[in-house]
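Computed from a prediction, not measured in an experiment: that's the story for all the values here.
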Amino acid sequence: MRRERDSIMKKYKMPECNIFLIGFMGAGKSTIARTLNREYGMKVVEMDQIIVERNGMEISDIFAEKGEEFFRSEETRLLEDICGMKNVVVSCGGGAAMRAANVEIMKKGGVIVLLSATPETVLGRVRHRTNRPLLEGKKNVEDISKLMEERRERYEAAADVVVPTDDRTVNEIVADIAQRVSAFKGGR
Ligand code: S3P
């Protein structure tokens with residue numbers, strides 16, 4: 001098993017750059033960021049976690065007590081801080097790519113990789129989680145599809161590369177990212 005994974009990672013080199021993982025809640029951004037750290041030594045920036053640490057509050061409490069706009073401004077401030085860093089993989093909050101200013105910062109700072117997933121896949125991944133205020137009371141395919149549709153256009157416009165995650169292993173997704181990011185960087 002280990003040997004098989006090693007061969008995938010050796011086969012697909014990753015160019016030195018920052019990668020911003022964007023996409024809907026449950027698209028797999030955190031898992032993929034951790035794998036990019038393990039396989040390519042990229043430093044992980046988990047946006048939600050840093051915002052929680054900076055504010056000393058959980059995401060759901062920030063939303064409830066300070067409001068969504070405050071949270072969104074925290075995301076922008078953090079992205080500005082990240083931009084000066086090198087060889088990092090950023091696991092963005094699902095809403096981060098909805099602000100044009102954020103996308104501009106990410107474009108300047110690295111390659112934007114959109115992880116895509118169907119509403120069914122997302123539901124399967126978030127069903128038992130309670131840390132996403134925007135999905136409370138909405139953990140069903142219909143509501144997830146609706147929110148996803150509202151976001152689709154901006155996600156796709158922001159993305160430099162799109163990587164599907166449905167029915168694929170983490171290794172397959174990471175190998176695909178390496179190939180697509182290399183092709184994107186090579187074509188620039
Ligand atoms: C959000 C996604 C969450 C978190 C917050 C808002 C969104 O992050 O930032 O709950 O608007 O899509 P994940 O995508 O990591 O779940």
Side-chain angles (χ1 to χ4, degrees), residues 18-37 43-83 85 88-107 109-110 112-159 162-166 168 170 173:
N18 293 335
I19 292 181
F20 293 90
L21 296 175
I22 64 164
F24 202 76
M25 293 166 270
K29 295 166 297 215
S30 301
T31 305
I32 296 302
R34 280 196 301 274
T35 310
L36 287 172
N37 163 265
K43 184 172 158 35
V44 176
V45 176
E46 183 66 50
M47 284 186 64
D48 282 355
Q49 191 190 319
I50 294 175
I51 293 173
V52 164
E53 284 164 11
R54 282 182 170 183
N55 288 278
M57 293 165 87
E58 293 303 321
I59 301 286
S60 43
D61 295 329
I62 297 175
F63 268 68
E65 290 176 32
K66 300 194 174 187
E68 182 170 347
E69 265 315 292
F70 172 84
F71 177 77
R72 298 301 174 200
S73 299
E74 284 291 274
E75 288 186 312
T76 303
R77 190 163 75 89
L78 177 54
L79 283 169
E80 279 163 353
D81 295 344
I82 292 166
C83 257
M85 299 168 79
V88 295
V89 54
V90 186
S91 172
C92 295
M98 301 303 289
R99 268 197 185 182
N102 293 351
V103 175
E104 211 175 297
I105 297 168
M106 292 188 232
K107 289 262 179 214
I112 305 181
V113 175
L114 170 61
L115 297 181
S116 71
T118 62
E120 288 79 5
T121 299
V122 166
L123 180 61
R125 292 175 185 165
V126 303
R127 181 173 257 141
H128 301 295
R129 308 298 294 267
T130 54
N131 58 344
R132 294 184 173 99
L134 296 182
L135 289 183
E136 277 319 302
K138 294 191 173 168
K139 288 189 191 136
N140 60 74
V141 167
E142 206 189 349
D143 284 330
I144 290 173
S145 304
K146 199 164 163 265
L147 186 52
M148 219 180 237
E149 276 313 308
E150 286 167 18
R151 291 183 167 193
R152 181 186 303 281
E153 204 177 326
R154 285 202 214 171
Y155 278 161
E156 289 176 358
V162 183
V163 175
T165 66
D166 300 289
R168 302 177 93 185
V170 168
I173 296 164

- [ ] Could you tell me the separation between the CG atom of Leu147 and the CG atom of Leu135, rounded to the nearest 0.5 Å?
- [x] 7.0 Å
Task: CD/Glu150: more than 12 non-hydrogen atoms of other groups inside 6.0 Å - done: yes
All N/O donor-acceptor pairs, side-chain side in residues 56-69, below 3.5 Å, sequence neighbours left out:
unit_1: Glu68; atom_1: OE2; unit_2: Arg72; atom_2: NE; d: 3.1
unit_1: Glu68; atom_1: OE2; unit_2: Arg72; atom_2: NH2; d: 3.0
unit_1: Glu69; atom_1: OE1; unit_2: Arg99; atom_2: NH2; d: 3.1

- [ ] For Thr31, enumerate each residue passing the side chain to side chain donor-acceptor pair (under 3.5 Å) test, keeping only those at least two apart in sequence or located in another chain.
- [x] none
Open item on the list: Holding to side chain to side chain contact (heavy atoms under 4.5 Å, CB included), I want the full list of residues that pass it with Glu104, two or more places apart in sequence or in another chain.
Closed with: Lys108
For residues 20-27, dump all side-chain donor-acceptor pairs below 3.5 Å to protein atoms at least two apart in sequence or in another chain.
none

Open item on the list: Checking Lys138 now: which residues fulfil salt bridge (charged side-chain N to carboxylate O under 4.0 Å, His left out) with it, not counting sequence neighbours?
Closed with: none
- [ ] Any chance you could lay out the salt bridge (charged side-chain N to carboxylate O under 4.0 Å, His left out) test for Glu149 and Arg152, step after step, and finish with the verdict?
- [x] CA-CA 5 Å; Glu149 276 313 308; Arg152 181 186 303 281; 2.5 Å; yes
Open item on the list: To the nearest 0.5 Å, what is the distance between OG1 on Thr165 and CZ on Arg125?
Closed with: 4.0 Å
TODO: Just jot down the side chain to side chain contact (heavy atoms under 4.5 Å, CB included) partners of Asn37, sequence neighbours excluded, or say none.
DONE: Val44
Open item on the list: Just verifying a value: how many Å separate Lys107 NZ and Ile105 CD1, rounded to the nearest 0.5 Å?
Closed with: 13.5 Å
Open item on the list: Under the rule for side chain to side chain donor-acceptor pair (under 3.5 Å), what residues qualify as partners of Asp81, not counting sequence neighbours?
Closed with: Arg54
- [ ] Check whether the side chains of Glu74 and Asn55 place a donor and an acceptor atom closer than 3.5 Å, and report yes or no.
- [x] yes
Task: CD1 on Ile112 to CG on Asn18, rounded to 0.5 Å - done: 11.5 Å
Task: For Glu120, side chain to side chain donor-acceptor pair (under 3.5 Å) partners two or more places apart - done: none
Task: Residue list, side chain to side chain donor-acceptor pair (under 3.5 Å) with Arg154, at least two apart or on another chain - done: none
Task: Results of side chain to side chain contact (heavy atoms under 4.5 Å, CB included) for Val162 - residues two or more places apart only - done: Leu114, Ser116, Ala159
Open item on the list: Applying side chain to side chain contact (heavy atoms under 4.5 Å, CB included), can you list everything that pairs with Arg127, at least two apart in sequence or on another chain?
Closed with: Leu123
Task: Partner residues of Arg34 under the salt bridge (charged side-chain N to carboxylate O under 4.0 Å, His left out) criterion, sequence neighbours left out - done: none
